[in-house]
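Okay, structure first, notes after.
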Amino acid sequence: MKKPHIPLDQIRAEVEACRKCALCEGRTQIVFGVGNPQARVMIVGEAPGKNEDLQGEPFVGAAGQYLNELLAFAGLKREDIYIANVLKCRPPGNRDPQPEEIQLCTPYLREQTRTIDPEFIVTLGNFSTKFILKTDVGITRLHGKLQRAGKFKVFPIFHPAAAIYDRSKRDVMETDFRTLGALLAETPDPKSIEPAKREPEAEQLAFGGEEA
Ligand code: URA
């Protein structure tokens with residue numbers, strides 16, 4: 001049987017109250033996620049940085065500015081998509097997420113994804129790609145190639161922060177966002193089709209290594 005979707009406000013309230021790992025001690029506030037709750041494309045980054053922790057929104061710093069530019073190559077605007085991170089609280093000094101933090105925090109991302117029910121999940125960088133696809137294969141091999149996780153189309157792309165430090169990645173990232181735009185153009189948005197004409201909804205399948 002399909003599990004009911006939990007309203008985003010309810011998931012947010014659970015994250016606000018979360019004290020499952022030590023990251024809660026250092027947070028100014030949680031960074032839950034933002035954007036169109038009906039989005040066809042959900043972008044999943046790694047973890048909040050300093051600016052995100054202060055403003056409570058994902059991708060508002062330098063990487064976010066660049067992400068906004070990249071979205072245009074796919075014909076997307078920030079308001080079209082939903083953005084969230086693997087971790088909802090900032091790791092100190094922007095260190096890498098630890099396996100235990102990922103394990104404790106990702107049930108929130110899973111529920112968010114079920115509720116938003118995007119057609120595409122765009123994973124930015126190694127942490128979200130490895131989590132969503134449950135793979136050890138790195139982003140260098142997977143970027144720009146369409147994958148699947150259960151019912152979701154997954155499109156891994158380098159993390160925009162990587163291109164801030166290494167400008168040679170910019171061409172690759174622009175190409176990958178253009179490819180995403182072409183994939184979106186190949187089929188109409190299923191949510192824009194009248195319900196009676198839609199294919200019966202596919203069974204909610206697992207991603208991130210757990211049964212749906
Ligand atoms: N990098 C991320 O992965 N997420 C953010 O929200 C900001 C920077």
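Both counts, for ligands and for their atoms, begin at 1 and track the order of listing. Predicted model, so just to flag it, every value in this text is computed and none were measured. Only heavy atoms go into these numbers, but all of them, side chains included; no hydrogens, no water, no symmetry mates.
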Are L8 and P37 packed together at the side-chain level, in the sense that at least one heavy-atom pair is separated by less than 4.5 angstrom?
yes
Just by distance, no angles: are the side chains of Q103 and K20 close enough, under 3.5 Å, to form a donor-acceptor pair?
no
E119 meets the salt bridge (charged side-chain N to carboxylate O under 4.0 Å, His left out) criterion, sequence neighbours left out, with R40, K153
Under a 4.0 Å N-O cut-off, is there an ion pair linking E101 with R95?
yes
Which parts of the protein, at residue level, reach under 4.0 Å of ligand 1 through a heavy atom?
G45, E46, A47, E52, P58, F59, N85, H159
Report all side-chain donor-acceptor pairs from residues 22-31 shorter than 3.5 Å, counting only partners two or more places apart or in another chain.
unit_1	atom_1	unit_2	atom_2	d
R27	NH1	C18	O	3.2
R27	NH2	E16	O	3.1
R27	NH2	C18	O	3.2
T28	OG1	D53	OD2	2.4
Q29	NE2	D53	O	3.3
Q29	NE2	L54	O	2.5

Return each pair, listed once, that meets side chain to side chain donor-acceptor pair (under 3.5 Å) where at least one residue sits in residues 55-67; pairs must be two or more places apart or across chains.
none
